[in-house]
Every structure is written in C-alpha cells, then in structure tokens.
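What follows is one structure encoded as structure tokens, with my remarks underneath.
Both counts, for ligands and for their atoms, begin at 1 and track the order of listing.
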Amino acid sequence: MFDEIKRKIIHAERINRDEALELFNTDDIHKLGELADEVSRRFNSNKVYFIVNRHINPTNICVNRCRFCAFSRSKGEEYAYELSIDDIIAQLREAQKTTGYISEVHIVSGLHPEWQFEYYLEMISTIKKEFPSIGIKAFTAVEIDYFARKSGLSIEQTLMKLKEAGLDIMPGGGAEIFNPEVRNRICPEKISGERWLEVIRTAHRLGIKTNATMLYGHVETYEDRVEHLMKLRELQDETGGFLAFIPLSYQPENTDIKVPYPSGIDDLKTIAVSRLVLDNIAHIKAYWIMLGEKLAQLALLYGADCLEGTVIEEKIAHSAGARSKKGNTIEELVHLIREAGKIPVERDSFYNVKRVFD
Ligand code: V47
C-alpha cells in the first residue's frame, strides 16, 4: 500500500483519506520524510523561509477558557494584563531597535469582555500609521467572530473595517481540531469548526489571505487529524486563500489536559503528512517555538519550508511549558536553515522574497 501512495505522490496525484491515515500509521518515518521533502522541493525548491517579526498579545483576558490554554486569565485574576495602544507601539519601536527593522507584527489576543471593536480598529490603524512598511497579521477567526457578535456587524463588515484600517493577513489560530466531539472536550466555549471555516471563507472572498493551524497531541486521534486536514484542503480548493499551514504541537504544562508532550517522531510525522495531504497549500511552517529549535530544523527535511520568524517575545506556548527560547536572531535562523542544507530566504508577510542568503 505504501508503494501505491508513493507512486501517487511522485506523479503529483492527490491522496485520499485512507491513504493519509495509513501515512500517520506508518513507522517508516524516513520514507515519509523523504517523500515529504520531495514534495516540499516541488513547491519551494530548496528554499526555507523566515520573517523578521514580533509577536504581540494585547491581552490574556479571555471569556473562553479553553482547557488546553495556559495563557488566558479572567478579568481581575492574578497575572491578567491589558496593553494600551501606546504599549504596543512602544514594543514595536523596541523591536525595531533590536533588529534594525521588522517586517511583520503578529497579533493574537484573548476575547476581552469589555474592549470594543473600535479599540481593535484603532490599534491596527495606529500601527499602520506609525509603521507603514510593517505587514500586520492579526486576529484569528475566533476573534473576528467575537468582534462581529459584540459590534452587531456581519463577519464581512467586520473584516472590511479591519482591512480598511490596515490589516494585511490573518493568523491561522483557533482551528484546533474541527471534529465536534474533540472540540467539545478541549474548548467547549469556542466557535465550532464549521464556523471557523466560514469566517476564513469570508476573509478569503474579501481578498484577505490567512494561515491555518491544527493543534495536535492532546486527546484527538489520527482520524481526527486527517478529517481536519481534508477540510482545509477542500476550502483551499474553493478559495486558494491559505498562505501556510502550521501544525501546533501541544504544550501540556499548566493546562487542564494533562498528557505528555507529543514525541519528536509524532511532530515530524505530522509535518510530513501535512505536506503530503495539503497538495494545494504552498507552505508548511515548522513553528520552532513549540517544536524546539533543533526539531524544527530537522522538520525542514520532513516537508517544512518555513520557520516562522524572530518572534522576540512568545507568550502562549511558553505559558504552557514551551522549552524553546522566546525569540531568535536572524543569524540563528539562517544558521539552522543552512545546516539543514537548505537556502535561507527572508520573506515578507505574503512570502515575497526580501533577501536570499546564498
Ligand atoms: O489557536 C494555545 C494554540 C493558537 C496551546 O498563523 C497552543 O503564523 C500548543 O494563532 N499548546 C494561537 N498550542 C497561536 C496562533 C499562531 C501561532 C503561530 C503561528 C501562527 C501563524 C498562528 O495557539 C491557538 C491554539 O491552537 N495554543 N495553547 C498549547 N498549550
């Protein structure tokens, strides 16, 4: 059977649900990696991308208290925080001082019970005004749905207002696992998988590119992962709006779902199977924050072609026990990519090439 899957992949034929499941069930991790690397080269030759960016989480106060999340707090709880727009601008200025410039800000927040939609619009437009050349990747589909419900606007109106304020692309978070039973166990208060897909479909229709994620390694099965990947592949066939897919390796500390960290083999397998199933998404990101720098480097030989970026200050994964650094330098990212035998390419938010490190 594996030979038949290999034949299909080599001939650029699409693999089906059962075949994807078989790939997850294989122990032949080397063969899987070899195939995924071949497909990765087809998409991106030998290039591996990274971006000079800063992550900012405006607040950890959240009305959804997902069981896998160690970052969120309720209003008034110890360690709850709120950033003002001035704080955010100051963090970006500081980041620019460190690296000389930044190409992107990545903004993901809690669902704050009191902040109005206007606050987010002002946040985006102020960032754009102060830093016109920085790409703004902001707000997951879950946040967009929340803004729409709070403001009484439609999803379309909410997204259009954000786009007009300066939003460039959207991060892929909030997808978790689409299967309703699993979703109900890990994040009962969160919007459904179908709703997540609907918000993203609307964004793509309005010309806003997004990423997609999958949170794996908690209570889900391989079947659930395959179902999740298939739904993303279907939507991408319809819209073409996904830039990158990012498998998020579960970090279990300080959370309500107490399981071991996913193993290195599971991490590599998930990257490789994602590359092989998502034959219509150009980029697979090895998120070094959750994988750790060394495994993320190895993932570049298992189908990944992007290492996220410099990040500077990561909070969500580190609240849950991520063992990586909180940020990385350009030199370190270039070194990791070069040592994997790949060509480091610095990109902008849309994967346009800014600099090639030959
Ligand atoms: O949706 C929360 C995840 C996501 C944990 O688009 C956890 O480039 C692991 O959107 N263990 C938000 N994961 C982060 C996000 C993101 C991250 C990196 C790149 C991009 C991108 C987007 O963080 C949430 C959730 O799935 N998360 N807690 C945890 N304990």
Measuring from non-hydrogen atoms of [X] to any atom of ligand 1, is the shortest distance under 4.0 Å?
X    : value
G174 : yes
H55  : no
K285 : yes
G321 : no
K137 : yes

Subset of ligand 1 atoms that lie under 4.0 Å from at least one heavy atom of [X]:
X    : answer
I246 : 6 (O), 8 (O), 20 (C), 21 (C)
A320 : 30 (N)
S249 : 9 (C)

### Validation row, ring centre Y120 to ring centre F139 under 6.0 Å
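Yes, they do, as the ring centres are separated by less than 6.0 Å.
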### Message
For Y216, run the side chain to side chain donor-acceptor pair (under 3.5 Å) check against T270, D267, D224 and tell me which one passes.
### Response
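Considering T270, D267, D224, a side chain to side chain donor-acceptor pair (under 3.5 Å) with Y216 is found only for D267.
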Say whether, by atom type as modelled, one donor and one acceptor occur between the side chain of [X] and the main chain of [Y] under 3.5 angstrom.
X    : Y    : result
Q236 : R233 : no
H106 : H55  : no
W288 : G309 : yes

Tell me the protein heavy atom at minimum distance from [atom], and give that distance in Å.
atom                    : result
atom 11 (N) of ligand 1 : Q251 N, 2.9 Å
atom 9 (C) of ligand 1  : L215 CD1, 3.4 Å
atom 5 (C) of ligand 1  : F68 O, 3.8 Å
atom 27 (N) of ligand 1 : I316 CG2, 3.9 Å
atom 6 (O) of ligand 1  : G172 N, 2.8 Å
atom 15 (C) of ligand 1 : G173 CA, 3.9 Å
atom 4 (C) of ligand 1  : L248 CD1, 3.8 Å
atom 26 (O) of ligand 1 : E176 OE1, 2.4 Å

### Query
Which word best sums up how the rings of H283 and Y49 line up, parallel for under 30°, tilted for 30 to 60°, or perpendicular for over 60°?
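The arrangement is perpendicular - the two ring planes meet at more than 60°.
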Show me the donor-acceptor pairs, under 3.5 Å and distance only, between side chains in residues 292-303 and residues at least two apart or in other chains.
{"from": "E293", "atom 1": "OE2", "to": "K325", "atom 2": "N", "distance (Å)": "3.1"}
{"from": "Q297", "atom 1": "NE2", "to": "L336", "atom 2": "O", "distance (Å)": "2.9"}

### Message
Under a 4.0 Å threshold between the charged nitrogen and the carboxylate oxygen, would E313 count as salt-bridged to K326?
### Response
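A salt bridge is absent here (no side-chain N lies under 4.0 Å from a carboxylate O).
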### Query
Is a salt bridge present between D266 and R225, judged by a nitrogen-to-oxygen distance below 4.0 Å?
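Yes, charged N to carboxylate O under 4.0 Å.
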### Message
Less than 3.5 Å apart, any donor N or O on the side chain of R65 or S72 sitting next to an acceptor on the other?
### Response
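Side-chain D/A pair, R65 to S72: present.
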### Task
Would you kindly say whether E82 and N60 are connected by a side-chain donor-acceptor distance under 3.5 Å?
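Side chains of E82 and N60: no pair found under 3.5 Å.
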#### Entry: Listed partners of N25 passing side-chain contact (heavy atoms from CB on, under 4.5 Å), at least two apart
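Once residues adjacent in sequence are excluded, the partners of N25 under the side-chain contact (heavy atoms from CB on, under 4.5 Å) criterion are L21, Y222.
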### Message
For atom 19 (C) of ligand 1, which of the options M170, E253, H106, E104 provides the nearest non-hydrogen atom?
### Response
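Answer by nearest heavy atom: H106.
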### Query
Does an N or O anywhere in N211 fall below 3.5 Å from an N or O of ligand 1?
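Min N/O separation from ligand 1 is below 3.5 Å for N211.
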### Query
With only distance considered, is V108 within less than 3.5 Å of ligand 1 through an N or O on each side?
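No, there is no polar N/O contact under 3.5 Å.
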### Message
Checking contacts here: is it the side chain or the backbone of Y287 that comes within 4.0 Å of ligand 1, counting heavy atoms only? Could be both or neither.
### Response
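Under 4.0 Å from ligand 1, Y287 contributes side-chain atoms alone.
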